[in-house]
Amino acid sequence: MSRTQTAQLMDGTSLARRMIEESAANAADITRRTGTSPCLATVLVGEDPASVTYVRMKQARCAKAGIKSRYIGLPAETTTAELIDVLAGLSDDPEVHGILLQHPCGPHIDERAAFEAIAPEKDVDGVTMQSFAAMSFGLPGFMSCTPGGIMRLLEAYDVELAGKLAVVVGRSAILGKPVGMLLLAKNATVTYCHSRTEDLSSIVQEADVVVAAVGRPRLIRGEDIKPGAVVIDAGYNPGNTGDVDFDTALTRARLITPVPGGVGPMTIAVLLAQTVEAAANQLGIQQS
Ligand code: NAP
């Protein structure tokens, strides 16, 4: 197949590496000045293989960045009340600076109630209602990590957002909704699409910036992309496939994130940066 590549790739791997190096330097500074290393507690309910892999990966990255991690593995039959007790205990533990509840937790858990048991100052994954509200109002707080990573990528590639039409496909609490709020804060005109949206293609075709956050392989096709648009593919489906048909979108977009190597690495980089920031706040350290 002959094709003309026009899009520049947005290299999340390299940007994430630079961010993690910065977090490592900041973590070392905190450890040197206080004798305490930043510590992230990770809570996992059950043994879902994908979740186990994610948690291990996050622990490994923490270790590389000089961030301590504490792993709390709970049995699959843990109740919402028991999970809330664990999260409340970590929220009160001065040795823990950040808390991550790996989700999904299982259908019997009230995930919203569990997230709300995380103290906002330790909510480094940006999942509580307070974090969402603070982010939406532009007040201090932690961002949902994937949206935060997407915004860092857009900034790194000097993508102008003011007055541009940004179409977000997906409206989950951890991804679609918050990324729309962050784009709005940068003065983009934001349209949300979801499973009930009629004629998705024609809406996406208008977009200057497309954020695909659906979990449906290649839902967005190249012909849906306006020539010169910026395409952020947050989707991660089996077989390393995104929500955008990469090969065809490549010929129309100006900038595009690859899958893998685009949004994915940025998520963890934001998680580490926010853990270090939480530790600095809690230990009363000013960082540059
Ligand atoms: P989710 O909670 O399942 O939400 C999916 C969203 O897509 C929902 O809002 C849903 O609409 C919408 N949707 C489903 N089918 C659609 C369709 N045919 N047309 C338009 N919208 C449709 O998923 P999520 O947690 O946000 O994750 C989305 C994707 O991002 C997944 O592939 C996930 O693996 C990936 N992800 C990647 C990272 C990373 O670090 N790279 C992090 C988080 C998630 P309704 O609201 O109407 O149901």
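Predicted, not measured: the structure shown is a model, and the values here were computed from it. Numbers here simply count residues along the sequence, with the first being 1. Numbering of ligands and ligand atoms starts at 1, following listing order.
- Closest to atom 25 (O) of ligand 1, if we only count protein heavy atoms, is Ile174 CD1, 3.7 Å.
- The heavy atom nearest to atom 36 (N) of ligand 1, considering only Ala234, Ser144, Cys145, is found in Ala234.
- Counting heavy-atom neighbours within 6.0 Å of Glu95 CD, excluding the residue itself, gives a total of 12 or less.
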task: Please lay out, stage by stage, how Ser144 and Leu175 fare under the test side chain to side chain contact (heavy atoms under 4.5 Å, CB included).
output: CA-CA 7 Å; Ser144 195; Leu175 182 42; over 6 Å; no
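- Counting heavy atoms closer than 4.0 Å to ligand 1, residue Arg216 contributes side-chain atoms (C-beta onward) but none from N, CA, C or O.
- For atom 41 (N) of ligand 1, the closest heavy atom belonging to the protein is Gly264 CA, 3.5 Å.
- When the heavy-atom distances from atom 31 (C) of ligand 1 to Gly176, Gly12, Gly149, Gly215 are ranked, the shortest goes to Gly215.
- Annotation: atom 23 (O) of ligand 1 to nearest protein heavy atom, Val214 O, 4.1 Å.
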field: side chain to side chain contact (heavy atoms under 4.5 Å, CB included) between Thr6 and Leu250, worked out
entry: CA-CA 6 Å; Thr6 53; Leu250 199 60; over 6 Å; no
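- Nearest-residue assignment for atom 9 (O) of ligand 1 (options Lys177, Met266, Arg171, His194; heavy-atom criterion): Arg171.
- Near Thr267, with a cut-off below 4.0 Å to any heavy atom, the atoms of ligand 1 are 39 (C), 40 (O).
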task: Mind running side chain to side chain contact (heavy atoms under 4.5 Å, CB included) on Ile220 and Leu200 for me, showing each step along the way?
output: CA-CA 9 Å; Ile220 314 288; Leu200 178 67; 4.3 Å; yes
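- Taking only non-hydrogen atoms, the option from Val270, Thr146, Leu219 nearest to atom 42 (C) of ligand 1 is Thr146.
- Nearest non-hydrogen protein atom to atom 2 (O) of ligand 1 is Ser172 CB, 3.3 Å.
- Between Val167 and Glu206 the shortest side-chain heavy-atom distance does not fall below 4.5 Å.
- The CG atom of Leu219 lies 10.5 Å from the CG atom of Asp245; values are rounded to the nearest 0.5 Å.
- Annotation for ligand 1: atoms under 4.0 Å from non-hydrogen atoms of Asn237 are 32 (O).
- Looking at residues two or more places apart in sequence or on another chain, you find a ring-ring contact (aromatic ring centres under 6.0 Å, His included) between Phe115 and His103.
- Proximity of a side-chain donor or acceptor of Thr31 to a complementary backbone N or O of Pro38 within less than 3.5 Å is not detected.
- Using a 4.5 Å heavy-atom threshold, the side chains of Leu182 and Met143 count as touching.
- Contacts between Ser195 and ligand 1 below 4.0 angstrom, taking non-hydrogen atoms only, involve backbone and side chain alike.
- If you check which protein heavy atom lies closest to atom 44 (C) of ligand 1, you get Leu175 CD2, 3.6 Å.
- Looking at Arg254, its side chain never comes within 3.5 Å of a backbone N or O of Val230 through a donor-acceptor pair.
- Residue-level proximity to ligand 1 for Ile268 is absent, since no heavy atom of it falls below 4.0 angstrom.
- When only non-hydrogen protein atoms are considered, atom 32 (O) of ligand 1 lies nearest to Tyr236 N, 2.9 Å.
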